[in-house]
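The structure under discussion appears below in the form of structure tokens.
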Number of protein chains: 2
Amino acid sequence: MRTSEVAAAAGVNVQTLRYYERRGLLPVPERSKSGYRAYDTQAVRTIRFVKHAQQLGFSLEQIDTLLTLAAGGPDGCDDATALATEKIAHLETKIADLTAMRNSLRQLVETCDRSRDQRCCTLFDAVEITEQTGDDDHERPPRRHPRPN
Amino acid sequence: MRTSEVAAAAGVNVQTLRYYERRGLLPVPERSKSGYRAYDTQAVRTIRFVKHAQQLGFSLEQIDTLLTLAAGGPDGCDDATALATEKIAHLETKIADLTAMRNSLRQLVETCDRSRDQRCCTLFDAVEITEQTGDDDHERPPRRHPRPN
DNA sequence: CTTGACTCTGTACCGTGGTACCGGGTTTAG
DNA sequence: CTAAACCCGGTACCACGGTACAGAGTCAAG
């Protein structure tokens with residue numbers, strides 16, 4: 001397949017293919033004798049996967065490791081398991097957050113017949129349950145930093 | 001609360017507060033007589049919510065409508081329900097995608113003791129099930145566009 | 001009343017993820 | 001052989017989501 005065919009099939013711009021190739025997301029394709037890129041059909045699937053993963057909130061760098069995993073992961077079983085397990089945990093957090101948000105919105109719909117400020121929408125709480133920052137001395141901070149020296 | 005307190009409590013840069021204010025994500029705060037912003041504690045929660053939602057793959061524009069919903073949604077019950085229902089559908093798609101990805105990775109972990117190319121990782125398929133593009137004439141395109149005229 | 005940490009507005013810049021344009025070469029129907 | 005439609009590499013530019021810097025004002029401890 002030629003560049004523009006792949007781009008059209010995957011629904012992206014031609015330039016994007018080259019960009020992904022530079023970023024290492026797309027394997028360097030074969031070339032025709034005149035220097036044209038010749039992609040295999042897998043390329044289309046890869047690009048679609050990238051686009052999809054982006055919509056789920058992954059950066060291209062994160063997607064890079066997902067692609068590694070999609071190809072079977074690192075050689076060593078321990079390495080592969082570790083990487084996959086980490087990503088699984090990551091996914092489960094996201095799933096939990098989104099589920100909590102969805103439940104909040106359902107609640108809103110149920111209480112929708114009330115006046116606006118009587119409606120029940122716990123979107124904020126929904127997402128706070130998974131928060132953990134280390135420092136919790138935000139209340140009453142030390143009013144002006146103790147000057148150095 | 002003053003600007004820097006809010007920023008520290010929410011874990012963002014001071015400039016980010018002003019940026020969000022310009023974008024309309026953060027309500028315009030009261031001002032002290034000398035012109036300093038005086039935030040209520042809700043501001044911290046709002047910012048944390050924004051940050052969290054970003055990690056889940058929402059743009060600031062999308063987050064804007066989520067904030068509207070968090071505040072009870074549009075006045076009319078029908079409008080509020082419609083908007084919330086749309087977002088719920090959106091969330092469920094994401095949840096399904098992430099769940100499929102997670103299952104693929106679990107499968108990978110299970111087949112991890114095999115050699116790399118024998119491992120089973122269906123990450124690509126995981127995400128394709130929810131694909132729907134309108135045009136499906138990607139196979140064998142008409143070799144050169146029919147020239148105009 | 002000075003000094004250092006803070007605040008303000010405004011504008012310029014940055015990283016990520018692309019997109020567009022340029023000058024040139026290639027392919028193929030007519 | 002020509003012309004339309006494609007391909008190439010290189011570079012410049014764009015939008016989004018911030019982040020930094022400049023110049024000026026405010027506030028409280030010493």
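Convention: sequence-line order gives letters A, B, ...; per-chain numbering from 1.
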What is the distance from [atom1] of [X] to [atom2] of [N], rounded to the nearest Å?
{"X": "A/E30", "N": "D/dC7", "atom1": "CD", "atom2": "C1'", "value": "17 Å"}
{"X": "B/I47", "N": "D/dT19", "atom1": "CD1", "atom2": "P", "value": "12 Å"}
{"X": "B/Q55", "N": "D/dG17", "atom1": "CD", "atom2": "C1'", "value": "14 Å"}
{"X": "B/L17", "N": "C/dT9", "atom1": "CG", "atom2": "P", "value": "12 Å"}
{"X": "B/Y36", "N": "D/dT26", "atom1": "OH", "atom2": "C1'", "value": "3 Å"}

Report yes if a side-chain nitrogen or oxygen of [X] is closer than 4.0 Å to either non-bridging phosphate oxygen (OP1 or OP2) of [N]; otherwise report no.
{"X": "A/S4", "N": "D/dC7", "value": "yes"}
{"X": "B/R37", "N": "C/dT9", "value": "yes"}
{"X": "A/S34", "N": "C/dT27", "value": "yes"}
{"X": "A/R31", "N": "D/dG9", "value": "yes"}

For [X], all residues meeting side chain to side chain contact (heavy atoms under 4.5 Å, CB included), sequence neighbours excluded:
{"X": "A/C77", "answer": "A/T81, B/C112, B/R119"}
{"X": "A/Q55", "answer": "none"}
{"X": "B/T68", "answer": "none"}

*Write out all pairs satisfying salt bridge (Lys or Arg N to Asp or Glu O under 4.0 Å) with one or both partners inside residues 66-92 of chain B, taking only residues at least two apart or from two chains.*
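Listed once each, the pairs are A/R102-B/E92, A/R106-B/E92, A/R116-B/D75.
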_All ring-ring contact (aromatic ring centres under 6.0 Å, His included) counterparts of B/F58, not counting sequence neighbours_ = B/H90
*asked:* With a 3.5 Å distance limit and no angle check, can you tell me whether A/E5 reaches the backbone of A/R2 through a side-chain donor-acceptor pair?
replied: yes
*Between protein and nucleotides 12-21 of chain C, map the contacts as a letter string: B base, S sugar-phosphate only, - none, heavy atoms under 4.0 Å, written 5' to 3'.*
-----BBBBB
